[in-house]
Amino acid sequence: MNYGCQSMTGKVRSILLKRPQQAFISQRHLEENWEAFRYFSCPDYETVLREYDAFETIIREHVEDVHYLPQDERTGLDSIYTHDPLKITKKGAVYFPMGKALRGGEHLATRQYLESIGIPTLGVIRAPGKMEGGDVLWIDEKTVAIGRGYRTNDEGIRQFRELTRDIIDEYIIVPMPHGEGEDCCLHLMSVISCLSLRF
């Protein structure tokens, strides 16, 4: 199994997805859970399926190696966002116990799947450390920017440094704006878009 991306702009060669059938499950399941997950409104399941099918078609046309997370009782609606509970490095995956309580089991389910396909675990951020993938951006292969805010705290950042100190040269810590508060937090990826200058 090939792994080890430390880039936000390189060609995507392998990707991990979770279909809405395994995250949202059904319209009834959405109706029972969307408020707890702080969605602005309840998604329409059939619309989600159509839109995701179009997205997945584009992915499969351009990415040679596509993997899918299975449905898992430790996860909820937000597990469709597979980027959040971990970061892949050249030495394996670092898993995050995320700041949103309802997402606390996602890293366990993701770790079980990735280890089953041969991706080693470099480490796990332990409480009281908190970290989420949306706050961790590769600037280049040896430089990482980390947003410190509601979902990623100083202890999580300290542990991430310890786990990756022999593969990262520079850590840029970015204080995140308050936005609309903890329930509607901004991640670093909410305010930065990475573009490649190679044409």
Side-chain angles (χ1 to χ4, degrees), residues 8 15-43 45 48 51-52 55 67-89 92-117 119 121-138 144-160 163-164 174 176-192:
M8 304 296 286
I15 195 168
L16 180 66
L17 301 178
K18 188 168 188 179
R19 291 186 171 115
Q21 293 92 326
Q22 281 71 53
F24 290 174
I25 302 174
S26 67
Q27 187 64 48
R28 179 177 178 180
H29 189 75
L30 281 167
E31 290 168 357
E32 291 172 348
N33 291 279
W34 70 272
E35 290 179 293
F37 278 86
R38 305 291 189 185
Y39 286 21
F40 291 115
S41 62
C42 183
Y45 187 65
V48 169
E51 292 180 350
Y52 198 91
F55 163 74
H67 295 270
Y68 295 93
L69 281 173
Q71 186 173 324
D72 191 295
E73 63 181 12
R74 294 169 291 186
T75 69
L77 306 184
D78 282 352
S79 62
I80 200 168
Y81 306 115
T82 59
H83 181 85
D84 291 336
L86 77 158
K87 205 60 160 180
I88 297 289
T89 76
V94 179
Y95 293 98
F96 306 146
M98 291 180 291
K100 192 173 184 178
L102 286 172
R103 302 190 71 182
E106 281 184 38
H107 72 287
L108 302 172
T110 304
R111 178 178 180 176
Q112 180 177 337
Y113 175 77
L114 291 184
E115 287 183 345
S116 78
I117 61 171
I119 297 179
T121 295
L122 176 58
V124 179
I125 304 301
R126 307 286 184 186
K130 294 191 297 185
M131 191 166 250
E132 294 194 6
D135 285 324
V136 185
L137 278 75
W138 300 113
V144 67
I146 303 175
R148 182 180 62 224
Y150 288 115
R151 303 288 174 81
T152 297
N153 64 13
D154 286 328
E155 176 58 19
I157 294 169
R158 184 195 67 77
Q159 292 181 40
F160 187 78
L163 290 167
T164 60
V174 182
M176 294 304 301
H178 171 73
E180 296 183 18
E182 189 168 358
D183 287 338
C184 301
C185 76
L186 292 172
H187 289 299
L188 188 56
M189 288 183 68
S190 304
V191 297
I192 292 178

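Every heavy atom of this structure was used, including side-chain atoms; hydrogens, water molecules and symmetry mates were not.
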Determine whether Glu132 and Lys100 satisfy the following criterion, side chain to side chain contact (heavy atoms under 4.5 Å, CB included), listing intermediate values before the conclusion.
CA-CA 9 Å; Glu132 294 194 6; Lys100 192 173 184 178; 4.2 Å; yes
Can you tell me how far [atom2] of [Y] sits from [atom1] of [X], rounded to the nearest 0.5 angstrom?
X      : Y      : atom1 : atom2 : result
Leu188 : Arg151 : CG    : CZ    : 14.5 Å
Phe160 : Phe96  : CZ    : CZ    : 5.0 Å
Ser79  : Gln22  : OG    : CD    : 9.0 Å
Tyr95  : Ile88  : OH    : CD1   : 6.0 Å
Arg103 : Leu77  : CZ    : CG    : 10.0 Å
Thr110 : Lys18  : OG1   : NZ    : 7.5 Å

Asn153 side chain to Pro128 main-chain N or O, any donor-acceptor pair under 3.5 Å?
yes
Arg126 backbone acceptor or donor facing Gln159 side chain under 3.5 Å:
yes
For [X] and [Y], which heavy atoms make the closest approach, and how far apart are they?
X      : Y      : result
His83  : Gly134 : CD2-N, 4.0 Å
Gly156 : Met131 : O-CE, 3.8 Å
Val48  : Pro43  : CG2-CB, 4.0 Å
Thr82  : Pro85  : O-CD, 3.3 Å

With a 3.5 Å cut-off and no angle check, do the side chains of [X] and [Y] form a donor-acceptor pair?
X      : Y      : value
Thr164 : Lys87  : no
Tyr150 : Asp135 : no
Gln112 : Arg74  : yes

Do [X] and [Y] make a side-chain contact, defined as non-hydrogen atoms from C-beta onward lying under 4.5 Å apart?
X      : Y      : result
Ile15  : His67  : no
Leu86  : Leu114 : yes
His29  : Tyr45  : no
Met98  : Asp84  : yes
Pro97  : Glu106 : no
Leu17  : Leu69  : no
Asp78  : Leu102 : no
Ile125 : Val94  : yes

Give a yes or no on whether Tyr52 atom OH has more than 12 heavy-atom contacts from other residues, nucleotides or ligands under 6.0 Å away.
yes
Please determine whether a side-chain nitrogen of the Lys or Arg among Arg28 and Glu31 lies less than 4.0 Å from a carboxylate oxygen of the Asp or Glu.
no
With side chain to side chain contact (heavy atoms under 4.5 Å, CB included) as the criterion, how do Ile25 and Gln71 come out once you've worked through the C-alpha distance, each side chain's angles and the decisive distance to 0.1 Å?
CA-CA 8 Å; Ile25 302 174; Gln71 186 173 324; 3.7 Å; yes
Arg19 to Tyr68 six-membered ring, cation-pi geometry met (6.0 Å, 45°):
yes
